[in-house]
Student: 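The structure's right below; bear with me while I get my questions together.
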Number of protein chains: 2
Amino acid sequence: MRRTEHLEEKLKHRFELIRHFYLTNKRMPSYSEMAELFGFSSKNAVFKTVNKLIDLGFLIKDEKKRLQFSSDPLSIRLIGSVKAGFPSFAEEELLDTVSLDRFLIDNPDSTFMLQVSGDSMVDAGIMPNDYVIVDRAKKPKNNDIVIAQVDGEWTMKYLKHTKDGYLLVAANDKYKPIKPKSELVIAGVVISVVRKYR
Amino acid sequence: MRRTEHLEEKLKHRFELIRHFYLTNKRMPSYSEMAELFGFSSKNAVFKTVNKLIDLGFLIKDEKKRLQFSSDPLSIRLIGSVKAGFPSFAEEELLDTVSLDRFLIDNPDSTFMLQVSGDSMVDAGIMPNDYVIVDRAKKPKNNDIVIAQVDGEWTMKYLKHTKDGYLLVAANDKYKPIKPKSELVIAGVVISVVRKYR
DNA sequence: TATTATAGTGAACATAAGTTCACTTGTAAA
DNA sequence: TTTACAAGTGAACTTATGTTCACTATAATA
């Protein structure tokens, strides 16, 4: 049955068009908009197409009968550990999915991403050009990695509470601990590190 | 004018309710749904509230007159480098915003997240319990970090092309390079590393 | 006190949404 | 060829959406 394979490819392609619309417009297209996307002149053709995509499990209708993706179009599947390896094609469907945004960020309003410029935290696995995600609203605690302004300069260091005040410690023997003289402004706590290859 | 301050807090709270709805339902609430959220019995009260939020710049209407957030509710602001430090409150508004999902993931369908179990890549800044993001569709190239199944076991290593075949090299002197005997299955290429503190 | 603006109500409206129906076209199988 | 069915058209229908209008209640201001 080459026919149905061809059919499913067509459907899959239309699903991709819907997804693309969603990613650029951040909302579902209406049936009229889908008609444009698919090159249809009738909404009913869209209606039938969407129903097929629902039957195939790509899309669903929520409790208010609004069209949704069955799995968030930007979420990725989560595998327990490297050692466990990759599941079979059939098992893939069973995996939990995660959105990195939701996984990493609690308070978008107070959260920033900064690019790392030096090598002062390499021993903590933070390499030059990595990105760190910083929450300004979070209370800095002992041993947290913080972004601090000390004596006029901005740095990223471990924050250590000691008997005689705060200490900023690098994760690199090249750099000596800093004991703030005049002022210590802690702008935020590093809650996450992100590295992107290539 | 305590009055208007109080007013803006109320509005801000209602904006938060909309955002919360969006984050849980992955779509904008309708005006009737907002009426429920706000405790109104008239859609017109919602209409006026939404218009105020539009005036204040929290929401916008797109070219098709559909309600949208002016900035993606999960995106975070991007700062050039740690050294540059944090901008002032006024300057914050001018920063670019990024969605981590969009920033890190190109092909959600072929992308997986795995938790790192060993210390074989520490010198590359990949620590135990970090997460790696792996694209199965990407062609593995020389010096890429790959997830490979070699002689029955799954590992993460640098992939090296040599004259006499492939070599899997750890980023840790403790581990010797592996030369696959029988089989080498490369399941995917590590495109990103993510670490979450606490 | 009287006045004026603001927040919310409730009904009515036009529009666009998703859906249904009857029909045509093209293609695969008998 | 003939048959059967899936794919798409086009119009009609229902419902829900955002919007407008006239009105009430509340609270700040003169």
Side-chain angles (χ1 to χ4, degrees), chain A residues 1-22 24-70 73, chain B residues 1-22 24-70 73:
Chain A
M1 281 179 180
R2 201 185 321 121
R3 178 81 188 286
T4 60
E5 280 173 32
H6 179 240
L7 175 71
E8 294 214 352
E9 271 192 33
K10 243 182 170 176
L11 273 174
K12 179 78 182 151
H13 174 244
R14 283 172 189 164
F15 175 72
E16 288 304 324
L17 291 174
I18 296 173
R19 173 146 80 177
H20 181 258
F21 184 100
Y22 181 85
T24 56
N25 297 84
K26 288 172 187 172
R27 62 173 176 84
M28 273 289 174
S30 71
Y31 283 26
S32 326
E33 287 169 327
M34 288 190 214
E36 258 190 73
L37 291 178
F38 302 162
F40 291 164
S41 61
S42 168
K43 281 195 295 175
N44 184 34
V46 175
F47 179 72
K48 290 178 182 173
T49 303
V50 166
N51 281 339
K52 276 176 207 155
L53 287 171
I54 291 173
D55 286 345
L56 291 174
F58 290 101
L59 300 172
I60 48 168
K61 293 243 174 177
D62 67 12
E63 51 306 333
K64 293 251 171 151
K65 297 187 175 181
R66 276 194 192 73
L67 200 60
Q68 299 262 195
F69 290 96
S70 20
Chain B
M1 282 180 181
R2 202 187 317 125
R3 178 82 189 282
T4 60
E5 279 172 32
H6 178 241
L7 175 71
E8 294 214 350
E9 270 192 34
K10 244 182 169 178
L11 272 174
K12 178 77 181 154
H13 174 244
R14 284 171 189 165
F15 176 72
E16 288 305 325
L17 291 174
I18 296 174
R19 174 146 78 176
H20 181 258
F21 184 101
Y22 181 85
T24 57
N25 297 83
K26 288 172 186 170
R27 62 174 176 83
M28 273 289 175
S30 71
Y31 283 25
S32 328
E33 288 169 326
M34 288 190 214
E36 259 190 71
L37 290 178
F38 302 162
F40 292 165
S41 61
S42 168
K43 282 194 295 175
N44 184 35
V46 174
F47 179 72
K48 290 177 182 172
T49 304
V50 166
N51 280 340
K52 275 176 207 155
L53 287 171
I54 291 173
D55 286 345
L56 291 173
F58 289 102
L59 299 172
I60 49 168
K61 292 242 176 181
D62 66 12
E63 50 308 330
K64 292 252 170 145
K65 296 188 174 177
R66 278 194 192 72
L67 200 59
Q68 300 262 194
F69 289 96
S70 20

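Lettering follows sequence order; numbering is per chain, from 1. Because the structure is a prediction, the values reported are computed rather than measured.
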Student: Contact class for A:Arg27 (heavy atom, under 4.0 Å): base, sugar-phosphate, or nothing?
Tutor: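 A:Arg27: no heavy atom of the nucleic acid under 4.0 Å.
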Student: So does B:Lys65 get a backbone contact from the side chain of B:Asp62, meaning a donor-acceptor N/O pair under 3.5 Å?
Tutor: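 Yes: the side chain of B:Asp62 pairs with the backbone of B:Lys65.
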Student: Bend across the helix from C:dT1-D:dA30 to C:dA30-D:dT1, to 10°, with axes taken over 5 pairs at each end?
Tutor: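 Both end axes considered, the difference amounts to 20°.
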Student: Starting at NZ of A:Lys10 and ending at P of D:dA6, how long is that distance when rounded to a whole Å?
Tutor: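 In whole Å, D:dA6 P and A:Lys10 NZ are 14 Å from each other.
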Student: Once side-chain contact (heavy atoms from CB on, under 4.5 Å) is applied, do any residues pair with A:Phe40, and if so which ones, sequence neighbours excluded?
Tutor: A:Arg14, A:Ala35, A:Phe38, A:Ala45, A:Val46, A:Thr49
Student: I need the OH-P distance between A:Tyr31 and D:dG8, as an integer number of Å.
Tutor: 15 Å
Student: Between A:Ser70 (side chain only) and A:Ile60 (backbone N and O only), is there a donor and an acceptor less than 3.5 Å apart?
Tutor: no
Student: Should the pair B:Phe15 and B:Phe69 be assigned to parallel (<30°), tilted (30 to 60°) or perpendicular (>60°) ring geometry?
Tutor: perpendicular
Student: May I have the distance from A:Glu36 (atom CD) to C:dA17 (atom P), rounded to whole angstrom?
Tutor: 11 Å
Student: Which whole-number value in Å describes the distance from B:Met28 CE to D:dT17 P?
Tutor: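 Roughly 15 Å, once rounded to whole Å.
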Student: Compare side-chain N and O positions of A:Arg14 against OP1 and OP2 of D:dA7 and report whether any pair is under 4.0 Å apart.
Tutor: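 Answer is no, no contact under 4.0 Å.
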Student: Provide, to the nearest angstrom, the distance between the NZ atom belonging to A:Lys65 and the P atom belonging to D:dT14.
Tutor: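 Spelled out: NZ on A:Lys65 to P on D:dT14 is 15 Å.
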Student: Atom CD1 of A:Ile54 to atom P of C:dG18: distance rounded to whole Å?
Tutor: 11 Å
Student: Measure from NZ on B:Lys61 to P on C:dA16 and round the result to the nearest Å.
Tutor: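 Rounded to whole Å, this separation is 13 Å.
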Student: With the threshold set at under 4.0 Å for non-hydrogen atoms, list the residues of residues 37-50 of chain A touching DNA chain D in residue-number order.
Tutor: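 The answer is A:Phe40, A:Ser41, A:Ser42, A:Asn44, A:Ala45, A:Lys48.
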Student: Taking atom CD of A:Glu36 as the centre, report whether more than 12 heavy atoms of other residues, nucleotides or ligands fall under 6.0 Å from it.
Tutor: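 No, the 6.0 Å shell around CD holds no more than 12 heavy atoms from other groups.
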Student: How far apart are the C-alpha atoms of B:Arg19 and B:Thr24, what are their side-chain angles, what is the distance that settles it, and do they pass the side chain to side chain contact (heavy atoms under 4.5 Å, CB included) test?
Tutor: CA-CA 9 Å; B:Arg19 174 146 78 176; B:Thr24 57; over 6 Å; no
Student: Could you state the interatomic distance from OH (A:Tyr31) to OG (A:Ser42), rounded to the nearest 0.5 Å?
Tutor: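 Going from the OH atom of A:Tyr31 to the OG atom of A:Ser42 covers 12.5 Å.
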Student: Start with the C-alpha distance between B:Ser32 and A:Lys64, add both sets of side-chain angles, then the distance that settles side chain to side chain contact (heavy atoms under 4.5 Å, CB included), and finish with yes or no.
Tutor: CA-CA 12 Å; B:Ser32 328; A:Lys64 293 251 171 151; over 6 Å; no
Student: Please test A:Leu59 against A:Gln68 for side chain to side chain contact (heavy atoms under 4.5 Å, CB included), starting from the C-alpha separation and ending with a verdict.
Tutor: CA-CA 6 Å; A:Leu59 300 172; A:Gln68 299 262 195; over 6 Å; no
Student: B:Asn51 has an atom CG; how far is it from atom C1' of C:dG8, in whole Å?
Tutor: 15 Å
